[in-house]
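To keep things clear, I will list the structure first and then write my remarks on it.
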Amino acid sequence: MNRFTTNPTVLAWIEDMKALLTPDNVVVIDGSEEQLEALRAEAVSTGEMIKLNEEKLPGCYYHRTKPNDVARVEDRTFICSREKENAGPTNNWCDPKEMYAKLYDIARGTYKGRTMYIIPFSMGPIGSPLAKAGIEVTDSIYVVLNMVIMTRVGKEVLTVLGDSNDWVRGLHAKCDVDPEKRYICQFPEDNTIISVNSAYGGNVLLGKKCFALRIASYQGWKEGWMAEHMLILGVENPEGEVKYVAAAFPSACGKTNLAMMIPPAYLREKGYKVWTVGDDIAWMRIGPDGRLYAINPENGFFGVAPGTNEHSNYNALASTKKNTIFTNVAINNDDNTVWWEGLDKNPPQNATDWKGNPWNPSMFVKADKSTYAAHPNSRFTAPAVNCPCISSEFDKGAGVPISAIIFGGRRAKCAPLVYQSKDWKNGVFVGSSMASETTAAAAGAVGVVRRDPMAMLPFCGYHMGDYFQHWLDMGEKLGDKAPKIFNVNWFRTDDEGNFVWPGFGDNMRVLNWILARCEGKVDAVETPIGFVPKAEDIDLTDLEGFDIETLKSILTVDKDVWTKEAAEIEEHYKKFGDKLPAELRTQLENLKAALA
Ligand code: GTP
Ligand code: SPV
Ligand code: MN
């Protein structure tokens with residue numbers, strides 16, 4: 001066991017973890033198929049996972065979490081910087097000394113009778129100059145098997161790491177999955193994450209939100225790069241040129257869908273294609289030519305299952321057809337496959353729901369989510385290589401040059417379908433003030449409007465005032481090579497509460513306008529909030545039942561609504577006190593003046 005690496009910092013930390021957790025066995029995950037196959041068999045034998053229909057879903061497994069453990073828990077997530085000030089007003093904070101003591105008390109001895117799995121992983125293609133290494137220890141095979149899909153796992157990570165101390169320590173202990181003792185803690189100054197009493201995705205796959213966003217955002221601030229809650233996609237035009245965009249939407253607001261979107265038929269026939277680089281997280285650095293380059297640090301998709309179907313997201317569904325782990329969806333007992341609301345119009349007659357109870361369609365009441373077969377935040381963990389539209393750049397590690405950054409969220413009435421910010425600084429204002437109606441991706445009320453700057457509210461590992469300044473500084477460095485910044489809203493509703501814009505593949509019509517703006521090929525209307533399309537410039541070809549008047553109804557910028565919005569932004573900004581960059585206050589004053 002001791003010979004899996006010679007790195008003294010790794011060996012010392014593993015010894016500390018062993019002494020703390022007292023496992024009966026220690027297993028280093030080397031990434032080999034034999035080892036993984038043995039772990040899958042073990043998880044099936046203990047009931048931790050269920051093997052699905054090998055013919056219909058080869059290599060696929062099913063897992064149920066405890067009903068009290070189905071989403072991220074923001075109220076139990078802490079940024080433990082040495083100074084409280086550095087966690088800022090949007091994060092829970094605790095003194096690191098105190099928190100280490102508390103967490104060690106909770107975790108102490110909890111691996112007794114169990115195995116400690118050591119997972120060496122890389123965020124980003126191994127060896128890429130933009131990649132970073134981590135080691136997670138866990139007592140859950142489910143976590144191991146998910147990490148193997150979501151990150152690059154194996155011995156090579158340690159070979160590339162050598163004797164460096166630049167790696168992130170991640171301790172996960174399932175303990176009793178007790179929600180009262182559940183903590184998800186980041187120690188940015190120590191490159192350390194500790195997660196106890198959960199076994200749900202974003203809380204325990206420590207490479208994802210804990211490392212690739214909370215720790216990495218802090219590292220990016222210190223080292224001059226950016227870690228963002230963004231999808232990355234490439235749009236290929238009929239001439240074969242590919243332009244890349246990155247988009248930040250809050251959890252469950254459409255990143256995976258946009259990242260894998262299929263353009264409408266008339267555009268496909270012309271030769272337009274969309275390539276997926278990433279669906280959740282982007283690490284971005286200024287490249288040798290001065291442009292902003294992005295990599296996807298992940299290796300798989302941890303996607304929302306409900307609503308995913310052949311029409312809404314063909315590529316995501318295709319990605320789940322092999323070697324995928326399904327969590328908290330329903331099982332169709334007739335053929336041992338999976339089902340969720342919105343998969344198709346044939347709910348299984350003989351199913352087991354996500355809680356493990358018998359289920360059939362007669363039990364379903366649309367207005368009552370507790371009658372659903374799948375949990376609204378049920379997920380699939382699918383290897384990126386399964387995705388039919390995965391970009392050829394995905395695995396290269398050099399990153400892709402970003403032409404446009406897009407912010408967005410769920411706003412029933414406020415933001416128009418799309419608008420362009422006036423410049424980078426104004427774009428930072430747009431991102432810093434964005435808001436969205438909350439979803440099932442985090443525990444708590446759903447449908448409440450909350451400010452979620454750059455979709456990073458639950459994921460920024462330091463003071464958000466400093467984070468805004470970092471964005472402004474990056475813009476200074478990028479100068480005229482900075483990506484253009486846009487905002488989209490697929491979720492405007494009519495008087496009956498129905499979404500007006502068809503969304504999904506039809507979002508391509510909006511992307512084309514965005515790219516045309518980046519290339520200076522199309523005009524726009526200047527409004528107090530930025531540049532809005534002329535309705536005739538959004539191509540509505542073949543869009544049945546949707547006319548230009550309907551389009552105009554979602555391109556409006558209502559002065560009363562926005563005056564109220566400006567007042568709410570002012571309120572939101574108060575939180576940041578002295579750390580709110582003066583530039584953003586100026587931007588807000590400009591907006592108010594333009595609306596007056
Ligand atoms: P996380 O994985 O939590 O970060 O979520 P995400 O941002 O990747 O969201 P995802 O693409 O999984 O979409 C979440 C929900 O939004 C699904 O129920 C989709 O059906 C719905 N959705 C996505 N795109 C659109 C759209 O263009 N229009 C509408 N109306 N709904 C959409
Ligand atoms: C999100 O909530 O933004 C997710 C899922 O992508 S989780 O891994 O739980 O963070
Ligand atoms: Mn996400």
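First listed ligand is number 1; within each ligand, the first listed atom is number 1. Below, each value reflects all heavy atoms present in this structure, side chains not excepted, and no hydrogens, waters or symmetry copies.
When G202, P306, A71 are checked for heavy-atom proximity to atom 18 (O) of ligand 1, P306 turns out nearest. Scanning F491, F301, F302 for the heavy atom closest to atom 29 (C) of ligand 1 points to F491. Heavy-atom proximity to atom 15 (C) of ligand 1, evaluated over R379, R492, H229, R410, is greatest for R410. Considering only non-hydrogen atoms, atom 14 (C) of ligand 1 lies nearest to A252 out of A442, A252, P250, P376.
Within the 3.5 Å criterion, the main-chain N or O of N146 finds no donor-acceptor partner in the side chain of T381. Within the 3.5 Å criterion, the main-chain N or O of P263 finds a donor-acceptor partner in the side chain of R268. At least one donor-acceptor pair under 3.5 Å links the side chain of N197 to the backbone N or O of K181. Of the possible polar contacts, one joining the N386 side chain to the S319 backbone as a donor-acceptor pair under 3.5 Å is found.
For Y266 and D539, the side-chain atoms include at least one donor-acceptor pair closer than 3.5 Å. Between R76 and S195, the side chains place no donor N or O within less than 3.5 Å of an acceptor N or O (distance only, hydrogens not considered).
Both the backbone and the side chain of S251 come within contact range of ligand 1, each with a heavy atom under 4.0 Å. Residue contacts with ligand 1, taken as heavy atom pairs separated by less than 4.0 Å, involve N507 solely via side-chain atoms from C-beta onward.
A salt bridge links E74 with R450: the closest approach of a Lys/Arg side-chain nitrogen to an acidic carboxylate oxygen falls below 4.0 angstrom. A salt bridge is absent between R182 and E180; no separation between the charged side-chain nitrogens and carboxylate oxygens falls under 4.0 Å. Electrostatic pairing of K413 and D558 does not count as a salt bridge here, judged by no charged N lying under 4.0 Å from a carboxylate O.
Counting atoms of ligand 1 from 1 in the listed order, those under 4.0 Å from a heavy atom of V304 are 12 (O). Each of the atoms 1 (P), 4 (O), 5 (O), 6 (P), 7 (O), 8 (O), 9 (O), 11 (O) of ligand 1 lies under 4.0 Å from some heavy atom of K255.
Geometrically, ligand 1 and N257 share a nitrogen or oxygen pair separated by less than 3.5 Å. Any N or O atom pair closer than 3.5 Å counts here, and F499 shares no such pair with ligand 1. For ligand 1, none of its N or O atoms has an N or O atom of G303 under 3.5 Å away. When only interatomic distances are considered, the shortest N/O to N/O separation between D280 and ligand 1 falls below 3.5 Å. Backbone and side-chain nitrogen or oxygen atoms of G503 are examined, and none is located within less than 3.5 angstrom of a nitrogen or oxygen of ligand 1.
I232 has its side chain within reach of V400: a pair of non-hydrogen atoms, C-beta onward, lies under 4.5 Å apart. You'll find the side chain of V148 stays beyond 4.5 Å of the side chain of N299, heavy atoms only. The closest side-chain heavy-atom distance from V488 to L417 is not below 4.5 Å. Side-chain atoms of V532 and V418, non-hydrogen and from C-beta on, never get closer than 4.5 Å to each other.
For the Mn ion (ligand 3), the tally of protein N/O/S atoms lying closer than 2.8 Å stands at 3.
A cation-pi contact, defined as under 6.0 Å to the ring centre and within 45° of the axis, is absent between R214 and F459. Stacking of R169 on the aromatic ring of W167 is recorded, both the 6.0 Å distance cut-off and the 45° axial limit being met.
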Once you restrict both partners to nitrogen or oxygen, which atoms of ligand 2 have a protein partner under 3.5 Å, and how far apart are they?
{"residue": "ligand 2", "atom": "2 (O)", "partner": "R72", "partner atom": "NE", "Å": "3.0"}
{"residue": "ligand 2", "atom": "2 (O)", "partner": "R72", "partner atom": "NH2", "Å": "3.1"}
{"residue": "ligand 2", "atom": "2 (O)", "partner": "S251", "partner atom": "OG", "Å": "2.9"}
{"residue": "ligand 2", "atom": "3 (O)", "partner": "K209", "partner atom": "NZ", "Å": "2.5"}
{"residue": "ligand 2", "atom": "3 (O)", "partner": "H229", "partner atom": "NE2", "Å": "3.3"}
{"residue": "ligand 2", "atom": "3 (O)", "partner": "S251", "partner atom": "OG", "Å": "2.5"}
{"residue": "ligand 2", "atom": "6 (O)", "partner": "K209", "partner atom": "NZ", "Å": "2.6"}
{"residue": "ligand 2", "atom": "6 (O)", "partner": "D280", "partner atom": "OD1", "Å": "3.4"}
{"residue": "ligand 2", "atom": "6 (O)", "partner": "D280", "partner atom": "OD2", "Å": "3.4"}
{"residue": "ligand 2", "atom": "8 (O)", "partner": "G202", "partner atom": "N", "Å": "3.4"}
{"residue": "ligand 2", "atom": "9 (O)", "partner": "Y200", "partner atom": "OH", "Å": "3.0"}
{"residue": "ligand 2", "atom": "9 (O)", "partner": "G202", "partner atom": "N", "Å": "3.2"}
{"residue": "ligand 2", "atom": "10 (O)", "partner": "R72", "partner atom": "NE", "Å": "3.1"}
{"residue": "ligand 2", "atom": "10 (O)", "partner": "K209", "partner atom": "NZ", "Å": "3.0"}

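Regarding atom 9 (O) of ligand 1, its nearest protein heavy-atom neighbour is G254 N, 2.9 Å. Of all protein heavy atoms, the one lying nearest to atom 26 (C) of ligand 1 is F504 N, 3.6 Å.
Of the options T550, N507, D506, a side-chain hydrogen bond (donor to acceptor under 3.5 Å, both in side chains) to W501 is made by N507 and by none of the others.
Open room surrounds CG on D176; 12 or fewer heavy atoms of other groups in view lie less than 6.0 Å from it.
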